[in-house]
There are 2 protein chains.
Amino acid sequence: MRIDKVEGANGDKDAVKPARGHVHEHVLSYMRRGLMVGAFLPGQVMSLRKLAAGFGTSPMPVREVLSRLVAANALEETKGGSVRVPRLGPEKLSDLFAVREMLEGMATELAAKKVTPALISQLTSLNKQLLVAIEKRDILNCLSYNQKFHFTVYEAADSEVLMPLIESLWLQFGPTMYMSLLIPSMPWNASDHEDILAALKDGNATAAKKGIVHDIRTTCKALLSVAGSQGIELPFAQGPELQFDY
Amino acid sequence: MRIDKVEGANGDKDAVKPARGHVHEHVLSYMRRGLMVGAFLPGQVMSLRKLAAGFGTSPMPVREVLSRLVAANALEETKGGSVRVPRLGPEKLSDLFAVREMLEGMATELAAKKVTPALISQLTSLNKQLLVAIEKRDILNCLSYNQKFHFTVYEAADSEVLMPLIESLWLQFGPTMYMSLLIPSMPWNASDHEDILAALKDGNATAAKKGIVHDIRTTCKALLSVAGSQGIELPFAQGPELQFDY
DNA sequence: AAGATCATTTATTGATCACAATATGAGATC
DNA sequence: GATCTCATATTGTGATCAATAAATGATCTT
């Protein structure tokens, strides 16, 4: 039935089905998560062919993914047409977090009105894992569980409009977030999460929103305090070589 | 040095330079504007090849553009991989406009603090042209000048974060907006714009924000009131055949 | 005559190709 | 020894191709 085109003895090629039709989806989710969790650094240029080689595909799906990430303001294109992770200045960083306060505060308010026991238990579990990651100073999982905690709350708001916007923001500050956690003086804590959890448990929308806003504001201040030390340029895994709980 | 691969006598091929390197930019801006101004209807499927033929290019640049518009939630993809203009239900419409109030209210507040005489005169001019379009019941230019008025305000806020988010929202409700204006009972007015202009002239950020929010809320209510009559299915220019002040 | 099945057509998707522009590096010159 | 220049290599862009899957229409059956 299925006849391989003659290409000599292609024995050593991948005999597995290339999982057609959904390659770009895989690449996209991987890159999205990677951006939020610090797999790519601000200023890093994304080479189409290198990434494609890393993913083991043709440049085509990667092109589509980078295209979409540029549209989401997660990446920016250089004059030469290449794309790179944007380097955020202090003013853009505060802009970003001011909008975060509005959007994520609104999402939290909505979520508080739709709390379920399942949501509470899930958030409690995620927060516990986050605390473990903090204890171990595991940056990747720290960011990962923090992101999952926040997004679980926002997901509960059940707004098809808010979520994509919030995601776009997280994709933008993700790389900078990672950088900041590299600084030894950077405080790591999830104390606000306890307040948020308590407020959600009570269905207190105002308090929950307040907790989120405080969490965001604290993070912003910490980020800005280390924004001066932008000079951090450490060697880094160029390709998609992440090892977080994926 | 440069050797053309042998392909017979390709004399009758296009001798003109195909304007290489930035085709997708043109396509993108055209489609963006077209979505905001009603060139495409909710539910309309965007055929890659048809659009490409309309633009006189290969499907390639169009693919990239559609990709980006999907990433911006301006278009959605069907199960078959095609993309189409989303059909907004009442609940999503109110979500959309609730977020609009926050984001555009914030942008207006920021803009009010950076008002310049040039901005005022530009807004005054745009509003005049909008009134003319309303007078002539010219839907395309009506939407176009309304959009330009709002975006000129937001642009003055000078926020690289807010603008893309606001644009994403406008791309989403643009097609529905056009539909609603087709309904004879739909009220057309720009009375709020006068208030906004006055508030901006005074540098009164609170009043300006209030004006924008009122404008948005009014529009939302009008849209929702005609949301029941979703059945409007009129024959329409399929390709990129717009004739607004481009 | 209406509905279901099957073949045809058309759609996107991933891969490959060709070209142009940019970035990179070596070499020569001052 | 530093700098400018030019050749090389790499990159993105647009076009084309092969293959899969969905949508469409016609034919057959009930």
Side-chain angles (χ1 to χ4, degrees), chain A residues 1-8 10 13-31 43-71 75-85 238-239, chain B residues 1-8 10 12-30 43-71 75-85 238-239:
Chain A
M1 315 300 190
R2 196 69 45 78
I3 304 174
D4 294 86
K5 289 290 182 59
V6 49
E7 14 183 12
N10 72 339
K13 220 49 189 307
D14 48 358
V16 298
K17 299 288 183 64
R20 52 175 121 310
H22 295 288
V23 178
H24 61 181
E25 281 183 16
H26 174 234
V27 175
L28 180 59
S29 66
Y30 202 97
M31 298 269 311
Q44 184 176 19
V45 297
M46 305 293 216
S47 166
L48 210 51
R49 291 177 160 91
K50 301 270 180 65
L51 276 176
F55 282 111
T57 69
S58 90
M60 215 48 184
V62 180
R63 253 169 90 175
E64 177 158 345
V65 168
L66 293 186
S67 232
R68 295 193 183 202
L69 291 174
V70 167
L75 301 175
E76 66 182 4
E77 39 192 8
T78 71
K79 58 191 170 188
S82 302
V83 303
R84 73 175 154 210
V85 183
Q238 179 85 3
Chain B
M1 316 298 189
R2 195 68 47 76
I3 302 173
D4 294 84
K5 288 291 181 61
V6 48
E7 17 183 11
N10 72 338
D12 53 7
K13 221 47 189 306
D14 49 357
V16 297
K17 297 290 180 63
R20 53 178 126 308
H22 295 287
V23 179
H24 60 196
E25 281 184 17
H26 174 235
V27 176
L28 179 58
S29 66
Y30 202 96
Q44 185 176 22
V45 297
M46 305 294 219
S47 168
L48 209 51
R49 292 178 151 81
K50 303 270 179 64
L51 278 176
F55 283 111
T57 69
S58 90
M60 214 51 202
V62 180
R63 244 166 97 174
E64 177 157 347
V65 167
L66 293 185
S67 225
R68 294 194 184 201
L69 290 175
V70 167
L75 300 175
E76 67 182 4
E77 40 192 7
T78 72
K79 59 191 169 190
S82 302
V83 302
R84 71 174 155 211
V85 183
Q238 180 85 2

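Convention: sequence-line order gives letters A, B, ...; per-chain numbering from 1. Only this structure's heavy atoms are used, side chains among them; waters, hydrogens and symmetry mates stay out.
- In this structure, the CD atom of A:Glu77 is 14 Å from the P atom of C:dT22, given to the nearest Å.
- Look at CG on B:Leu66: it is 13 Å from C1' on C:dA11, rounded to the nearest Å.
- Rounded to an integer number of Å, the gap from CG of A:Leu28 to P of C:dG14 is 12 Å.
- Proximity of A:His24 to the phosphate of C:dT13: no side-chain N or O atom is located under 4.0 Å from OP1 or OP2.
- One atom, CZ of B:Arg63, and another, P of D:dT13, lie 13 Å apart when rounded to the nearest Å.
- B:Pro59 pairs by the side chain to side chain contact (heavy atoms under 4.5 Å, CB included) definition with B:Leu48, B:Ala52, not counting sequence neighbours.
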Are any protein N/O atoms closer than 3.5 Å to N/O atoms in nucleotides 8-11 of chain D? If there are, list each pair with its distance.
residue: D:dT11; atom: OP1; partner: A:Ser47; partner atom: OG; Å: 3.3
residue: D:dT11; atom: OP1; partner: A:Lys50; partner atom: NZ; Å: 3.0

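- Comparing atom distances between the A:Val23 side chain and each of C:dG14, D:dA15, D:dG14 picks out C:dG14 as nearest.
- Residues satisfying the side chain to side chain donor-acceptor pair (under 3.5 Å) test with A:Arg63, not counting sequence neighbours, are none.
- Residues A:His24 and A:Val65 approach most closely at O-CG2, 3.4 Å, considering heavy atoms.
- Contact detail for B:Ser47 and B:Lys50: the closest heavy-atom pair is OG-CG, 3.1 Å.
- The residue among B:Glu25 and B:Thr78 whose nearest nucleotide of DNA chain D is located toward the 5' end is B:Glu25.
- Taking 4.5 Å as the limit, some side-chain heavy atom of A:Val62 sits within range of a side-chain heavy atom of A:Thr57.
- When rounded to the nearest whole Å, the span between NZ of A:Lys79 and P of C:dT22 equals 8 Å.
- Residues passing the salt bridge (Lys or Arg N to Asp or Glu O under 4.0 Å) test with A:Arg68, sequence neighbours excluded: A:Glu64, B:Glu77.
- Considering only the side chain of A:Glu64, C:dG14 comes nearest among D:dA15, C:dG14, C:dT16.
- Protein atom NE2 of B:His22 is 11 Å distant from nucleotide atom C1' of C:dA20, rounded to whole Å.
- For the pair A:Met60 and A:Gly80, nearest-nucleotide mapping onto DNA chain C gives the more 5' position to A:Met60.
- In this structure, the salt bridge (Lys or Arg N to Asp or Glu O under 4.0 Å) partners of B:Glu76, at least two apart in sequence or on a different chain, are B:Arg84.
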